[in-house]
Amino acid sequence: ELFCLVGSCHFHRGDTQRASELVARALNLAEKCKSPKAIVQSQWQSSMLAESRGDLTLALNHITQAMHWSKLAELNDVLPILNDNAAKIMLELPNPDLPRIHDLAEAAYLNLISQNNPIAAVYACITLSEVELRQGNHANALMYVRKGLIELPVEITGQRASLYSQEAKVLFRMGRVDESKLQLECAIAVMDGMA
């Protein structure tokens, strides 16, 4: 778990090479000691690294393994986040299975709301909005974004900016250009206010 944590720090600093080395060591150790929790964490980190390199197939494989082990270990607080991560990766694949992605993201959203985790639920709202947008269901895409905005605590800024950006995208696709521009300006204002 410590290797994963240090690897994550290197990843966020931009040193993906060092992050990959540490996460590979973490995964090796986790499998040797047969720790489901450590395997989940290692697979999750491996998925993020693979996705950052553009290897979506490998990223999906790692996140699927993380989901499998989180079910075995009954890590119910982590599984919905993994489901949404898998849905996001699947959205980037060629010819994505939109109904399956919707089901994964919706299950993630419902579980996160029942766990009283609105911050993580926001990401599922954005995924659901994107799926609806790609299916041409603009009203539903807008509904998911606005649902996320309503449920997100006021003091949370990063996710709010992401929601405003997604709302701007949906409004633009709907031909509501002036409203879209206003939401982009809101996103920029929120980002400018962040440290």
* **Option among L58, T64, L56 that satisfies the side chain to side chain contact (heavy atoms under 4.5 Å, CB included) test with L60** =>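 So, applying the side chain to side chain contact (heavy atoms under 4.5 Å, CB included) to L60 and each of L58, T64, L56, only T64 qualifies.
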same_hphob_cluster([X], [Y]) at 4.5 Å side-chain heavy-atom cutoff:
X    : Y    : value
I101 : I81  : yes
L22  : M48  : no
Y164 : V122 : yes
V23  : W44  : no
Y123 : I89  : no

Any [X] side-chain heavy atom under 4.5 Å of [Y] side chain:
X    : Y    : answer
K169 : E130 : yes
V145 : I126 : no
P118 : N116 : yes
R53  : S20  : yes
L142 : R176 : yes

* Asked: In this structure, which one of H138, Q166, R146 forms a side chain to side chain donor-acceptor pair (under 3.5 Å) with S129?
  ->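 Exactly one option meets the side chain to side chain donor-acceptor pair (under 3.5 Å) with S129, and it is Q166.
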* To do: Without swapping roles, check the side chain of S47 against the backbone of Q43 for a donor-acceptor pair under 3.5 Å.
  =>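 Not at all, since once roles are kept as given, no pair shorter than 3.5 Å links the two residues.
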* When you measure from the side chain of Q115 to the backbone N and O of N76, does any donor-acceptor pair fall under 3.5 Å? -> yes
* Flag if over 12 foreign heavy atoms under 6.0 Å of CZ, R134 -> yes
For a quick test of your reading: what N or O donor-acceptor pairs under 3.5 Å do the side chains of residues 25-42 make, sequence neighbours left out?
unit_1 : atom_1 : unit_2 : atom_2 : d
S35    : OG     : A38    : N      : 3.2
S42    : OG     : A38    : O      : 2.8

Spacing of [X] atom [atom1] and [Y] atom [atom2] [to the nearest 0.5 Å]:
X    : Y    : atom1 : atom2 : answer
L98  : L133 : CG    : CG    : 10.5 Å
E92  : E51  : CD    : CD    : 7.5 Å
I63  : L82  : CD1   : CG    : 5.0 Å
L163 : I156 : CG    : CD1   : 11.5 Å
L110 : N83  : CG    : CG    : 11.0 Å
F11  : Q45  : CZ    : CD    : 8.0 Å

For a quick test of reading the model, state the closest non-hydrogen atom pair linking [X] to [Y] and the distance between them.
X    : Y    : result
S165 : A187 : OG-CB, 3.6 Å
C125 : Y109 : SG-CE1, 3.4 Å
S70  : L79  : OG-CD1, 3.1 Å
A87  : T127 : CB-CG2, 3.9 Å
V154 : R160 : CA-NH2, 3.5 Å

* For the residue pair Q17 and H10, confirm or rule out a side-chain donor-acceptor distance under 3.5 Å. =>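 Distance-only check fails for Q17 and H10.
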* Asked: Could you walk me through whether E132 and H102 pass the side chain to side chain donor-acceptor pair (under 3.5 Å) check?
  -> CA-CA 8 Å; E132 294 291 348; H102 186 281; 3.2 Å; yes
